[in-house]
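Counting starts at 1 for both ligands and their atoms, in listed order.
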Amino acid sequence: MPFIVTDACIQCKYTDCVSVCPMDCFVEGPNFVVIDPEGCIDCSVCVPQCPVDAIVNAAEVSPQQAEFVELNARLARAPGWRPLTQAKAPMDGHEQWAGVACKRAHLRLTW
Ligand code: SF4
Ligand code: F3S
C-alpha cells in the first residue's frame with residue numbers, strides 16, 4: 001500500500017518530506033500536500049522526515065484518518081494542485097497549527 005499524508009500536515013506544510021522522495025510523488029495544494037499513490041513505491045523514506053508525523057502507510061491508517069486514503073489519490077490529480085519536489089518554508093503560523101488535532105475542516109481545495 002502507498003503512503004499517505006494525513007491531517008497533521010494541514011496549515012503547516014513543512015515539506016521536509018518532498019526532497020527525499022525518490023519518485024517525486026508529492027503534490028501541493030494551498031495548505032496541504034498529498035502523495036500520488038500511482039508513483040509511491042512504499043519505501044517509507046519520507047515518514048521520519050515529517051516533524052508532525054503526518055505520513056503513514058495507507059494500510060495502517062486509523063479509522064479517524066481513513067478518508068485521507070481517498071483524499072491523497074483524488075487531490076494528487078485535482079486542478080491547481082501541483083508537483084512539489086523541493087522543500088520550501090513552512091506556512092505562516094505553523095508553530096500554532098502543529099499542535100492542533102483534527103484539522104480536516106481546515107483543508108482548502110483551491111488556492
Ligand atoms: Fe516517496 Fe517513498 Fe514516501 Fe512513497 S514512501 S512518498 S516513494 S518517499
Ligand atoms: Fe506536510 Fe510533514 Fe511533508 S507537514 S509537507 S507531510 S514534512
Answer whether the closest heavy-atom distance between the side chains of [X] and [Y] falls below 4.5 Å.
X: Pro51; Y: Asp16; result: yes
X: Arg108; Y: Gln11; result: yes
X: His106; Y: Asp7; result: no
X: Phe32; Y: Cys12; result: no

_I'd like the name of whichever of Ser44, Pro37, Cys50 reaches closest to atom 5 (S) of ligand 1 through any heavy atom._
Ser44
Side-chain ([X]) to main-chain ([Y]) donor-acceptor, under 3.5 angstrom:
X: Asn72; Y: Pro37; answer: no
X: Lys13; Y: His94; answer: no
X: Thr6; Y: Ala54; answer: yes
X: Thr15; Y: Lys88; answer: yes

Among protein heavy atoms, which sits nearest to [atom], and what does the distance come to when rounded to 0.1 Å?
atom: atom 3 (Fe) of ligand 2; result: Cys17 SG, 2.3 Å
atom: atom 4 (S) of ligand 2; result: Tyr14 N, 3.4 Å
atom: atom 5 (S) of ligand 2; result: Thr15 N, 3.2 Å
atom: atom 1 (Fe) of ligand 2; result: Cys9 SG, 2.4 Å
atom: atom 2 (Fe) of ligand 2; result: Cys50 SG, 2.3 Å

_Tell me the contacting part of Val18 for ligand 2: side chain, backbone, both, or neither, using a 4.0 Å heavy-atom threshold, strictly below._
neither
*Return the minimal non-hydrogen interatomic distance between Asp42 and Pro2, and the atom names on each side.*
OD1-CA, 3.1 Å
*Protein N/O/S atoms under 2.8 Å of atom 1 (Fe) of ligand 1?*
Cys21 SG
*Hydrophobic cluster identity match, Val61 and Val47, side-chain contacts under 4.5 Å*: yes
*Find all atoms of ligand 2 within a distance of less than 4.0 Å from any non-hydrogen atom belonging to Val52, and give their numbers and elements.*
4 (S)
*asked:* At less than 4.0 angstrom from any non-hydrogen atom of Asp16, what atoms of ligand 2 do you find?
replied: 7 (S)
